Amino acid sequence: MGLYTKLIQKITKDDSDHDEQDTFVATPVKPPYYGTVTAHPNFSAVGDAAALHKAIEAKGVDEAAIIDLLVKRTNEQRQQIKAAYKLDTKKPLEEALKSALKSDLEDVVLALLMSPAQYDAHELRHAMKGLGTQEDVLTEILISRSNREIKEIKKVFSKAYNEELEEDIKCDTSGHFLTALLALCKALYEAGEKQKGTEVSVFIDIFTSRSGPQLRKIMKTYASYYSDDGLAGAVEKELQGDIEDCFIALLKCAWNTPAYFAEKLQLAMKGLETNKRTLTRILVSRSEVDLKTIRSEYTRLYGRTLQEDILAKTKGDYEKILLELCGDN
């Protein structure tokens with residue numbers, strides 16, 4: 001594996017976290033926002049809690065009012081609404097909505113009421129519950145969250161389930177895939193210590209201890225100097241099974257995160273049966289991150305809008321709330 005070691009030394013010896021930025025900016029610049037959900041300008045937690053209570057208690061339940069209110073508030077604002085609702089009614093908002101709603105709409109609304117870390121912990125737990133682990137869900141979440149987010153997920157997971165995330169992963173996965181997931185759980189994503197070992201262990205070290213910008217540089221350099229098939233081609237030749245799927249997903253996510261999620265959305269709606277859980281998870285979790293860019297990548301990759309496919313593959317209130325999360329093109 002000398003080839004890989006030389007490659008890493010060449011690329012990570014510089015300050016790769018400043019990916020292709022050569023100028024010094026004295027004043028911090030606010031990064032652009034690519035989410036579809038923005039803070040409501042005239043927000044009132046007490047007023048919104050009262051409006052939700054009215055919609056829940058209405059004859060037949062006013063689903064449209066619930067959708068309109070929750071989708072047009074940020075997660076931070078929703079947490080304040082939850083607190084105000086409980087203070088006023090002495091009942092958790094989640095319980096009230098769970099009793100009032102049903103099916104897929106209920107799932108989306110309950111997801112919106114969780115904090116990002118709570119929702120990620122919830123989805124990780126569900127992926128490992130019962131027979132058959134959903135390896136793609138474990139991979140998706142752990143490769144696409146930042147150091148800070150992974151640390152918060154682990155904290156929330158431990159508090160909610162009285163178990164450590166790593167221990168659950170150990171019980172439900174094995175082999176090189178287990179090793180890779182545990183490395184991702186350490187929330188490294190920094191240029192770390194080089195490790196010697198088998199080919200697979202070197203892949204694990206490279207892919208789980210480099211930042212997104214560093215991985216992009218590795219992919220560019222590898223394709224330019226070592227193989228026309230690129231680093232993804234090397235992974236496909238050297239690895240197989242869950243560990244191959246994990247690393248291919250990691251490379252896709254590092255190269256173009258919005259395109260990675262656009263592909264997952266398209267696959268979730270491909271075929272006769274829609275994977276509603278994946279559809280819900282991505283739209284909710286990315287709605288305040290990069291859903292606008294995911295929409296653009298979806299159109300670029302598939303020649304139609306994300307909203308068009310949602311209209312074709314979903315219906316009813318579930319369709320309405322997903323389209324509201326997508327926002328306008």
Side-chain angles (χ1 to χ4, degrees), residues 30-123 148-149 152-153 155-156 159-160 276 279-295 306-307 310-311 314-329:
K30 186 178 179 180
Y33 182 69
Y34 298 112
T36 54
V37 174
T38 56
H40 194 280
N42 300 312
F43 175 65
S44 167
V46 173
D48 285 348
L52 282 173
H53 185 64
K54 181 180 178 182
I56 291 167
E57 297 297 320
K59 188 176 180 180
V61 182
D62 191 347
E63 288 94 348
I66 294 169
I67 292 170
D68 186 64
L69 193 150
L70 291 178
V71 171
K72 292 179 180 175
R73 306 301 187 271
T74 62
N75 191 273
E76 183 180 350
Q77 290 176 331
R78 289 184 215 119
Q79 303 312 311
Q80 294 177 52
I81 294 169
K82 282 167 57 177
Y85 188 93
K86 189 169 185 179
L87 190 64
D88 182 50
T89 66
K90 306 297 185 284
K91 184 178 181 181
L93 178 57
E94 298 94 326
E95 285 185 16
L97 287 167
K98 198 168 185 178
S99 300
L101 304 174
K102 59 184 179 180
S103 191
D104 303 317
L105 175 62
E106 176 193 333
D107 293 339
V108 181
V109 166
L110 293 179
L112 288 170
L113 290 176
M114 297 181 205
S115 72
Q118 286 172 336
Y119 188 40
D120 283 341
H122 174 79
E123 288 297 284
R148 180 185 56 78
E149 288 167 338
E152 186 63 22
I153 290 166
K155 188 191 304 181
V156 168
K159 184 177 179 180
K276 293 178 181 176
L279 195 55
T280 297
R281 182 178 61 254
I282 294 175
L283 293 182
V284 170
S285 67
R286 309 309 292 188
S287 62
E288 293 183 48
V289 183
D290 55 1
L291 189 48
K292 280 184 181 177
T293 317
I294 291 170
R295 280 185 345 209
L306 175 57
Q307 291 94 321
I310 289 173
L311 279 166
T314 64
K315 60 184 179 180
D317 289 323
Y318 181 60
E319 175 190 280
K320 289 176 186 175
I321 197 166
L322 294 187
L323 290 174
E324 286 287 338
L325 280 171
C326 281
D328 298 326
N329 273 327

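The shown structure was predicted, so the numbers you read here are calculated from the model rather than taken from an experiment.
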Practice task
Take L291 and I282, measure what side chain to side chain contact (heavy atoms under 4.5 Å, CB included) needs, and give me the verdict at the end.
Solution key: CA-CA 9 Å; L291 189 48; I282 294 175; 5.7 Å; no
Practice task
Take Y119 and V284 through the test side chain to side chain contact (heavy atoms under 4.5 Å, CB included) and record every step on the way to the result.
Solution key: CA-CA 9 Å; Y119 188 40; V284 170; 3.8 Å; yes
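Applying salt bridge (Lys or Arg N to Asp or Glu O under 4.0 Å) to D48 and the options K72, K54, R73 leaves one that passes, R73.
V108 has its side chain within reach of L325: a pair of non-hydrogen atoms, C-beta onward, lies under 4.5 Å apart. Within the 4.5 Å cutoff, the side chain of E63 has heavy atoms near those of the L101 side chain. Using a 4.5 Å cut-off on side-chain heavy atoms (C-beta onward), D62 and I56 make no contact. Q77 has its side chain within reach of T74: a pair of non-hydrogen atoms, C-beta onward, lies under 4.5 Å apart.
When all heavy atoms of L279 and L322 are compared, the pair lying nearest together is CD2-CD1, 3.6 Å. Between A117 and E152, the shortest heavy-atom contact is CB-CG, 3.5 Å. Considering all non-hydrogen atoms of both residues, A84 and A45 come closest at CB-O, 3.7 Å. The shortest heavy-atom contact between K82 and L113 is NZ-O, 2.9 Å. In terms of heavy atoms, I67 sits closest to K320 at CD1-CB, 4.3 Å. When all heavy atoms of A96 and Y85 are compared, the closest pair comes out as CB-OH, 3.4 Å.
From L52, atom CG reaches atom CD of E57 across 11.5 Å, with rounding to the nearest 0.5 Å. Taken to the nearest 0.5 Å, the OH atom of Y318 stands 3.0 Å off from the OG1 atom of T280. Between the NZ atom in K90 and the CG atom in D88 there is a gap of 7.0 Å [rounded to 0.5 Å]. Interatomic distance, CG of D120 versus CD1 of I153, reported as 4.0 Å (0.5 Å rounding). S115 OG to E76 CD: the interatomic distance, rounded to the nearest 0.5 Å, is 12.0 Å. Taking OG1 from T36 and CG from L306, the interatomic distance works out to 10.0 Å, rounded to the nearest 0.5 Å.
Side-chain N or O atoms of D290 include none that pairs as donor or acceptor with a backbone N or O of T293 at under 3.5 Å. A side-chain donor-acceptor contact under 3.5 Å links E288 to the backbone of N75. At distances below 3.5 Å, not a single donor-acceptor pair connects side-chain atoms of R286 with backbone N or O atoms of I294. Between the R78 side chain and the L112 main chain, a donor and an acceptor come within less than 3.5 Å of each other. Side-chain N or O atoms of R295 include one that pairs as donor or acceptor with a backbone N or O of C326 at under 3.5 Å. Formation of a donor-acceptor pair under 3.5 Å by the E324 side chain with backbone atoms of I321 is not found in this model. No side-chain donor-acceptor contact under 3.5 Å links T314 to the backbone of L311. Looking only at distances, a side-chain donor or acceptor of T89 sits under 3.5 Å from a matching main-chain atom of K91.
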